[in-house]
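Along the sequence shown, residues are numbered consecutively beginning with 1.
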Amino acid sequence: MLSMTATINAWQCSGFHCKQYARMPEISLTSRGFLKVGTLDSKTPTTAGLNSSALPYVGDYGYASRNMNRGGIHVVSPDISSPSPGFAVGFLEAFDDEYDGVIIDPNKLPSSANAFASALRAALSKWKLKGRKGIWLKILSEQVDLVPIAIKEGFQYHHAEPGYVMLTYWIPDYPCMLPTSPSHQIGVGGFVINDKKEVLAVKEKCPCSCSNVWKMPTGYINKVDTSFLKMVAFRHAHMLAFEKSDILFVCMLRPLSYEIAIDEKEIQAAMWMPLDEFVGQPFYEEDHMSRKVIEACVAAYEDRYSGFTAHQLTSKLDGQSSLLYYDCSSG
């Protein structure tokens with residue numbers, strides 16, 4: 001009789017933050033009796049009349065043999081007479097999330113493709129019986145050969161980052177409720193103004209319409225030597241790079257140094273430019289959105305617009321301290 005046992009882990013989650021605060025459970029496979037494919041030696045219990053048809057078939061990956069003494073699964077390819085130690089796997093370690101789903105531990109996946117296929121199929125069957133919903137499977141780059149096996153079992157691509165690919169499996173028969181892969185990219189624009197009422201202006205090396213315009217530094221930037229004052233505005237646009245949406249946050253910053261270091265791979269020129277000269281460029285007269293952004297920045301500098309100021313608060317949902325940005329005038 002083949003059975004599975006699971007230990008449920010404590011998991012704390014909110015809409016903003018999730019963290020595990022107890023030990024990770026394991027979903028293990030156990031059995032009664034003994035089944036094995038291949039030549040039996042003198043120390044191995046025999047079972048009369050047993051052949052490969054009595055074993056669960058795992059598609060292109062062969063037959064699974066179950067060994068109670070080892071507490072795991074052996075998977076035997078059709079052309080292998082007996083399981084090698086590399087094919088053994090006792091369980092897929094995983095833990096439940098807050099939404100009746102399962103997150104598989106990526107660091108303890110079987111190294112053998114056959115063993116992974118058998119263990120994954122058995123685990124999916126058990127999770128279906130237990131009423132689980134979304135399954136998250138992260139496969140590290142060193143085991144990328146397991147990806148086609150998971151896809152064949154019904155997993156879908158979710159997203160990829162350097163070092164891993166994330167796959168998901170939705171069990172219920174109604175539409176998938178798992179969050180989609182990231183749909184936005186985030187950029188930052190820094191309105192940096194000093195005590196002399198000069199703005200840090202740059203000309204970027206790009207073929208776009210603003211290539212000859214002195215503008216505020218924008219893009220996906222590294223840390224800069226400034227003090228954050230407030231978020232002035234943000235812009236939301238769709239179907240940009242890689243057909244993703246884009247959010248650009250415009251922030252007012254106070255410089256901590258007047259020294260300018262130019263990255264010549266991206267920046268053509270940079271300088272401290274008088275505010276009036278910066279605002280008076282023809283480009284800002286013709287581009288309505290850019291002009292409105294500059295007007296908001298100037299208003300914030302002159303204390304005519306409060307913008308979104310950062311406030312450090314702690315949420316009871318996760319006990320974490322976060323920065324909440326809102327208009328100070330609203331209290």
Roughly how far, to the nearest 0.5 Å, is the [atom2] atom of [Y] from the [atom1] atom of [X]?
| X | Y | atom1 | atom2 | value |
| --- | --- | --- | --- | --- |
| Glu302 | Lys197 | CD | NZ | 5.0 Å |
| Leu120 | Ile104 | CG | CD1 | 6.0 Å |
| Gln185 | Ile247 | CD | CD1 | 10.0 Å |
| Asp97 | Ile103 | CG | CD1 | 5.0 Å |
| Trp127 | Leu92 | CH2 | CG | 5.5 Å |
| Leu275 | Asn194 | CG | CG | 10.0 Å |

Any Lys/Arg nitrogen of [X] or [Y] sitting under 4.0 Å from an Asp/Glu carboxylate oxygen of the other?
| X | Y | result |
| --- | --- | --- |
| Asp96 | Arg132 | yes |
| Lys205 | Glu266 | no |
| Glu198 | Lys196 | no |

Are the side chain of Ser125 and the backbone N or O of Arg121 linked by a donor-acceptor pair below 3.5 Å?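 Indeed, once roles are kept as given, a pair shorter than 3.5 Å links the two residues.
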For the residue pair [X] and [Y], what are the closest heavy atoms and their distance?
| X | Y | value |
| --- | --- | --- |
| Ala237 | Arg235 | CB-NE, 4.1 Å |
| Leu137 | Ala150 | CD2-CB, 3.7 Å |
| Phe308 | Asp327 | CD2-N, 3.9 Å |

Any side-chain heavy-atom pair from [X] and [Y] closer than 4.5 angstrom?
| X | Y | result |
| --- | --- | --- |
| His236 | His184 | yes |
| Trp136 | His158 | yes |
| Glu93 | Leu109 | no |
| Val298 | Arg304 | yes |
| Leu253 | Phe228 | yes |
| Leu146 | Val144 | no |

Criterion side-chain contact (heavy atoms from CB on, under 4.5 Å) on Val250 and Cys297, from CA distance to verdict: CA-CA 8 Å; Val250 180; Cys297 290; 3.7 Å; yes
Considering residues at least two apart in sequence or located in another chain, which fulfil the side-chain contact (heavy atoms from CB on, under 4.5 Å) criterion with [X]?
| X | answer |
| --- | --- |
| Thr314 | Ser321 |
| Asn107 | Asp105, Leu140 |
| Leu256 | Asp225, Ser227 |
| Ile262 | Ile260, Glu264, Ile267, Ala270 |

Test of ring centre spacing under 6.0 Å for Tyr301 and Phe191: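 When the ring centroids of Tyr301 and Phe191 are compared, they turn out to be at least 6.0 Å apart.
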Listed partners of [X] passing ring-ring contact (aromatic ring centres under 6.0 Å, His included), at least two apart:
| X | result |
| --- | --- |
| Tyr258 | Trp272 |
| Phe249 | Phe234 |
| Tyr305 | none |
| His288 | none |

Show me the side-chain donor-acceptor pairs of residues 163-172 shorter than 3.5 Å, one per line, residues at least two apart or across chains.
residue: Tyr164; atom: OH; partner: His159; partner atom: NE2; Å: 2.9
residue: Tyr169; atom: OH; partner: Lys128; partner atom: NZ; Å: 3.1
residue: Trp170; atom: NE1; partner: Tyr174; partner atom: O; Å: 2.9

Report the C-alpha distance between Met216 and Val199 in whole Å, list the side-chain angles of each, state the deciding distance to 0.1 Å, and finish with yes or no for side-chain contact (heavy atoms from CB on, under 4.5 Å). CA-CA 8 Å; Met216 72 175 70; Val199 177; 5.7 Å; no
Determine, step by step, whether Ser315 and Gln320 satisfy the side-chain contact (heavy atoms from CB on, under 4.5 Å) criterion, reporting the C-alpha distance in whole Å, the side-chain angles of both residues, the deciding distance to 0.1 Å, and the verdict. CA-CA 6 Å; Ser315 171; Gln320 299 295 314; over 6 Å; no
Before you tell me yes or no, could you show the steps for Lys133 and Met177 under side-chain contact (heavy atoms from CB on, under 4.5 Å), namely the whole-Å CA-CA distance, both residues' side-chain angles and the distance that decides it to 0.1 Å? CA-CA 9 Å; Lys133 296 178 180 178; Met177 302 294 290; over 6 Å; no
Sequence neighbours left out, what passes side chain to side chain donor-acceptor pair (under 3.5 Å) with Gln281? Give chain and number order.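 Expected list: none.
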Any salt bridge (Lys or Arg N to Asp or Glu O under 4.0 Å) involving residues 282-291? Give me the pairs, sequence neighbours left out, ordered by first then second residue.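 Applying salt bridge (Lys or Arg N to Asp or Glu O under 4.0 Å) to every pair that reaches into residues 282-291, excluding sequence neighbours, yields Arg291-Glu295.
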Do the rings of Tyr284 and Phe278 sit parallel, tilted or perpendicular, given the 30° and 60° boundaries?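 Tyr284 vs Phe278 ring planes: tilted.
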Output every pair passing side-chain hydrogen bond (donor to acceptor under 3.5 Å, both in side chains) with a member in residues 137-148, not counting sequence neighbours, ordered by first then second residue.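 Every candidate side-chain hydrogen bond (donor to acceptor under 3.5 Å, both in side chains) pair involving residues 137-148 fails, so no pair, neighbours aside, qualifies.
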